[in-house]
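A note on names: the letters A, B, ... follow the listed sequences, proteins ahead of strands, and every chain is numbered from 1. Only heavy atoms go into these numbers, but all of them, side chains included; no hydrogens, no water, no symmetry mates. A quick note: this is a predicted structure, and the numbers were derived from the prediction, not measured.
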Amino acid sequence: MLAISAANSHFIAHLPASSNDPNPLAKPISNKPNHLQILKKCTHLIQFKQVHAQFIKTPLHQSNTYLSKLIEALVDYGELPYARQVFDQVTQPSTFAFNTMIRCYGTNNLGHDGIDLYIRMRHQGVDADNFTYPFLLKACSGLKQGKGVHSLVVKDKRFSSEIHSLTSLTTFYCSFGDVGSARLLFDSMPERNVVTWTGIIKGYVKQKRYKEGIELFNQMKNYGVEINELTLVCILSACANLGSLEIGQWVHEYTDRKRIFLNPKLGAALIDMYGKCGHIDKAYRVFKTLPCKGVYVWNALIGGLAMHGYGIEAIKRFREMQGNGIKPDRITFIAVLSACSHSGLVEKGKEIFHSMRKDFGIEPGIKHYGCFVDILCRAGLLNEAYEVIMNMPMEPNAVLWGTLLNSCAAAANVELAEAAMERLMVLEPCNDGNYVLMSNIYAVKKRWNDVARIRKIMKDVQILRNPGHSLIEVDNVVHEFMVGDGRHPCSEQIYDMLEKVVITIKECYF
DNA sequence: ATAGGGTTAG
């Protein structure tokens, strides 16, 4: 049964009777109650509970719209178990009621409960409708057990060509990285719209298959499918990761031409794209034009500044953001801490790292520790970095040990390098770079036996050395280079330029 | 009441 606490009934007993009182229970529930309107007036959890306590005695509480509104409201207040109690009191829940409950499980990452409820629904002979499978599939997001839903949808003639159910199925496959299955389904669909297209593009982008994502986007344009903000956000993310300035810029111009409003998420995606494509000035320009600068927008800018080595500027923006009443989140701290590490701001970095918990109530996660260790390592404070790694509240991963190993190579610190390497052989046994670094350190120290030992391990574990390579796109042509590669037609000029760059760097720092 | 959104340490 519903439990209304003593405090609550006290509250009911003393409700003022004046007619303009905002309290929904101020007016007694009349003979002809408009229960939906009463529900609409509720603004606090306690009021919803009280309203229901009154209605439970009447048949009204079985009404579909009433039930779904109440359940949704309760779930919004984080009262999902209570919402389920309300649901369970209904003697014959309709399809509508089941759909609502399943959807709430989905939005609260309780997929298994959603599946259980669906099974119960069918067990009780309640029929599914075209809303059921989109909700159920969203609940199944990331759960491979949900694959069975595919056959349920296909077997039912009503849904086997229905766009919402099928689109949900494709995004369901994407939710655990199976873009292949998503694509098969996508290609067989009788009808697709902007949501279907964006969903599959997002699937590719999430799997880092950026080129295929962009290819689909081009097809989408050719088919004349509508393109909206969400589509563009996905494409910008692909551009950012590919360094595809041209396409990214095209997107920017497109938003201009079509007068698409740069909402915070689209704005952040644009800033991120410009930052990652090397144009921090353009990122800045976009930033300035955005009318709403949410935390996403600030994060993208600070992250861009960090990447470009503008540490002081990043910290300035970090402060300015707070001055504007925007609360930094965990991503902000990753951005600002990496700004400190790339700019050698050790003291600032320490200060900000320690302020996370103290001033912002954000518990540092492993990535924050990663940045912090990087700050110490780049500053040459290897022992301090080692201490931090050893005393972290979580298990250090390969990134942490790799950071340390990298710096040990620069400083030729054998002891700490060995400590790091010992862990890396377990955490990342196939990473060729670690072995190469370790053997290089031994070589600097002229410890040839150890060099041979590492080489032997590499041979025994059959680690293939991956030659370093990089790609760059110029005028829509991708150029690829490998270590010591001389195949490029402009190879000679490229090496000449490289030498000049190295000389310039040396002049600056030595 | 249906399906799709950005940023994350070597």
With the side chain of [X] defined as its heavy atoms from C-beta on, choose the nearest nucleotide among [options].
| X | options | value |
| --- | --- | --- |
| Leu424(A) | dA3(B), dG10(B), dG6(B) | dG10(B) |
| Asn241(A) | dT7(B), dA9(B), dA1(B) | dT7(B) |
| Glu229(A) | dG5(B), dG10(B), dG6(B) | dG5(B) |
| Leu266(A) | dG6(B), dG4(B), dG5(B) | dG5(B) |
| Asn397(A) | dG5(B), dA3(B), dA9(B) | dA9(B) |
| Glu162(A) | dT7(B), dT2(B), dG5(B) | dT2(B) |

Quick one: does Asp374(A) reach the base of dA9(B) with a side-chain donor-acceptor pair under 3.5 Å?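 No.
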Does the gap between the ring centers of Tyr369(A) and Phe353(A) come in under 6.0 Å?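 Here the rings of Phe353(A) and Tyr369(A) have centres that are less than 6.0 Å from each other.
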Among residues two or more places apart or on two chains, list those pairs meeting ring-ring contact (aromatic ring centres under 6.0 Å, His included) that have a residue in residues 142-163 of chain A.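 Matches after skipping sequence neighbours: Tyr133(A)-Phe159(A), His150(A)-Tyr173(A).
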Do we count Phe96(A) as stacking onto dA1(B) if the rule is ring centres under 5.5 Å and planes under 30°?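 Yes, aromatic ring over the base.
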Determine whether the aromatic ring of Tyr369(A) stacks with the base of dA9(B), defined as ring centroids separated by less than 5.5 Å and ring planes inclined by less than 30°.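 Aromatic stack with dA9(B) absent for Tyr369(A).
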Begin from the C-alpha positions of Lys69(A) and Glu72(A) and carry the test salt bridge (Lys or Arg N to Asp or Glu O under 4.0 Å) through to its verdict. CA-CA 5 Å; Lys69(A) 286 268 177 299; Glu72(A) 276 167 13; 5.1 Å; no
Has Asp281(A) got a side-chain atom pairing as donor or acceptor with Tyr284(A)'s backbone, closer than 3.5 angstrom?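 Looks like no, no N/O pair under 3.5 Å.
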